[in-house]
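Below is one structure, written out as structure tokens, with a few remarks after it.
Computed over heavy atoms, backbone and side chain alike; hydrogens, waters and symmetry mates excluded. We count residues from 1, following the sequence as given.
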Amino acid sequence: MIYRKKFGLLFIRSFVIAFRSSQRFFLRMNSTEAEVGLEFNKTTSAEILPKNEDVQQTLVEAINSTTFNVTFIPSTISLIKTPLATAAPTTNTTTTTTTTPTTNTTTTTKPTTTTTTTVESIVTKRLTFRSAGEIFTNDLLITSSTAFKNRAELLKTHLLPLYQAAFSSFRSFIVISFSNGSIINNIGLEFATASQPSNTQIRDVLVKANSTVTAFNIDITSIFVDGTQTSSGVSHTISLITAFSLVLLSWLLSTQQ
């Protein structure tokens with residue numbers, strides 16, 4: 001609500017990345033560091049996007065003027081990562097030589113540099129899959145619980161390297177939530193928009209992981225990308241065979257009546 005009020009439609013969402021026990025601020029016992037991501041409109045030009053210091057100062061001002069259920073330490077707020085940018089400098093140098101009968105004078109102007117900054121556009125893909133046969137517990141609903149953190153780290157440890165190896169456009173892996181049935185895993189995968197993979201390519205990485213990952217189950221028949229189920233040809237074939245068998249059985253039963 002703080003950033004929506006400040007930046008309006010420029011601001012898209014915020015998401016919690018991690019919590020850590022703080023080792024730097026020893027004057028406050030039991031301090032916790034929170035790492036949070038802020039997403040702004042990816043179609044906005046770099047000139048219009050808020051500056052880093054504005055993003056940081058917005059939270060500082062909110063803390064100083066609002067009462068929260070937790071205690072914040074304004075002096076500890078810092079930006080640890082900003083959108084990727086590339087600089088393309090162009091240098092122009094002009095040299096002028098003037099000759100007179102008695103004096104040769106050379107005048108060199110200072111180089112002028114023009115820098116163009118391009119902010120990389122990022123797209124988030126929602127990956128959901130079922131771990132069949134695994135027991136869901138209610139503490140998996142709480143992102144600050146030990147159970148949530150342990151399972152999130154488990155998924156990240158095994159799947160993050162696979163997506164990094166498969167796609168050069170891959171940028172980050174965020175465990176969003178877990179839900180019941182057996183355990184439904186909801187993950188956010190961020191890619192560079194210009195070279196993002198297709199939903200099928202994202203699914204295929206998870207299908208291949210099923211043969212090598214043993215720390216958790218991957219039900220390859222229940223993989224969704226952005227809410228759309230992506231299934232293999234084998235799954236469709238099995239479904240058709242099953243449907244045909246049911247029709248045949250129904251016909252046999254009807255002929256016996």
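At a cut-off of 3.5 Å, with distance as the only test, no side-chain donor of T228 or D226 sits close to an acceptor on the other residue. No hydrogens or angles considered: nothing links the side chains of T137 and R151 as a donor-acceptor pair under 3.5 Å.
Formation of a donor-acceptor pair under 3.5 Å by the Y3 side chain with backbone atoms of V55 is found in this model. Judged by distance alone, with hydrogens and angles left aside, the side-chain atoms of E134 form a donor-acceptor pair with the main-chain N or O of N217 at under 3.5 Å. Counting only distance, with no hydrogens or angles, the side chain of R4 and the backbone of R13 share no donor-acceptor pair below 3.5 Å. Here the side chain of T193 pairs a donor or acceptor atom with the backbone of S121 at under 3.5 angstrom. Using modelled atom types, no side-chain atom of Q196 and backbone atom of S169 make a donor-acceptor pair closer than 3.5 Å. The main-chain N or O of A132 is never found under 3.5 Å from a side-chain atom of S182 such that the two would form a donor-acceptor pair.
No side-chain heavy atom of F72 sits under 4.5 Å from any side-chain heavy atom of L59. Put simply, the side chain of F178 reaches to within 4.5 Å of the side chain of L155, judged on heavy atoms. Side-chain contact between V16 and I174: absent, with no pair of heavy atoms (C-beta onward) separated by less than 4.5 Å. Under the 4.5 Å side-chain criterion, counting only non-hydrogen atoms from C-beta, L159 is in contact with F129. Within the 4.5 Å cutoff, the side chain of N199 has no heavy atoms near those of the R203 side chain.
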> Could you walk me through whether F148 and I142 pass the side chain to side chain contact (heavy atoms under 4.5 Å, CB included) check?
Replying inline: CA-CA 7 Å; F148 183 98; I142 306 171; 5.9 Å; no
> Do L154 and N150 pass the side chain to side chain contact (heavy atoms under 4.5 Å, CB included) test, and can you show the C-alpha distance, the side-chain angles, and the key distance before you say yes or no?
Replying inline: CA-CA 6 Å; L154 182 70; N150 288 343; over 6 Å; no
> How far apart are the C-alpha atoms of F136 and L141, what are their side-chain angles, what is the distance that settles it, and do they pass the side chain to side chain contact (heavy atoms under 4.5 Å, CB included) test?
Replying inline: CA-CA 9 Å; F136 178 84; L141 297 172; 3.6 Å; yes
>> With side chain to side chain contact (heavy atoms under 4.5 Å, CB included) as the criterion, how do I2 and F11 come out once you've worked through the C-alpha distance, each side chain's angles and the decisive distance to 0.1 Å?
In response: CA-CA 10 Å; I2 293 170; F11 180 71; over 6 Å; no
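Scanning all heavy atoms of the two residues, the minimum distance from P50 to F40 falls at CG-CE2, 3.6 Å. Of all heavy-atom pairs spanning L162 and A209, the tightest one is CD1-CB, 3.5 Å. Considering every non-hydrogen atom in both D139 and A147, the closest pair reads OD2-CB, 3.3 Å. Of all heavy-atom pairs between R130 and N185, the closest is C-ND2, 4.3 Å. The two residues E190 and I122 make their nearest non-hydrogen contact at CB-CG2, 3.8 Å. Residues L189 and I202 come closest through the heavy atom pair CD1-CG2, 3.8 Å.
Taking OG of S131 as the reference point, atom CG of D219 lies at 8.5 Å (rounded to 0.5 Å). Taking CD of E61 as the start and CD of Q56 as the end, the distance is 11.0 Å to the nearest 0.5 Å. Here the CG atom belonging to N64 is positioned 8.0 Å from the CD atom belonging to Q57, to the nearest 0.5 angstrom. For the atom pair CG of L38 and CD1 of I12, the computed distance is 11.5 Å after rounding to the nearest 0.5 Å.
Follow the hydrophobic side-chain contacts under 4.5 Å out from V225 and you never reach I184; the two are in separate clusters. In terms of hydrophobic clustering, with Ile, Leu, Val, Met, Phe, Trp and Tyr side chains grouped at heavy-atom distances under 4.5 Å, I176 and Y163 are assigned to different clusters. Note: the hydrophobic cluster containing L206 also contains V213 (ILVMFWY, side chain heavy atoms under 4.5 Å, direct or indirect links). A continuous path of Ile, Leu, Val, Met, Phe, Trp and Tyr side chains, each step under 4.5 Å between heavy atoms, connects V60 with F7, placing both in one hydrophobic cluster. Residues F15 and L49 do not share a hydrophobic cluster, defined by chaining ILVMFWY side chains whose heavy atoms lie under 4.5 Å apart.
Within a 6.0 Å radius of NZ in K6, other residues, nucleotides and ligands contribute 12 heavy atoms or fewer.
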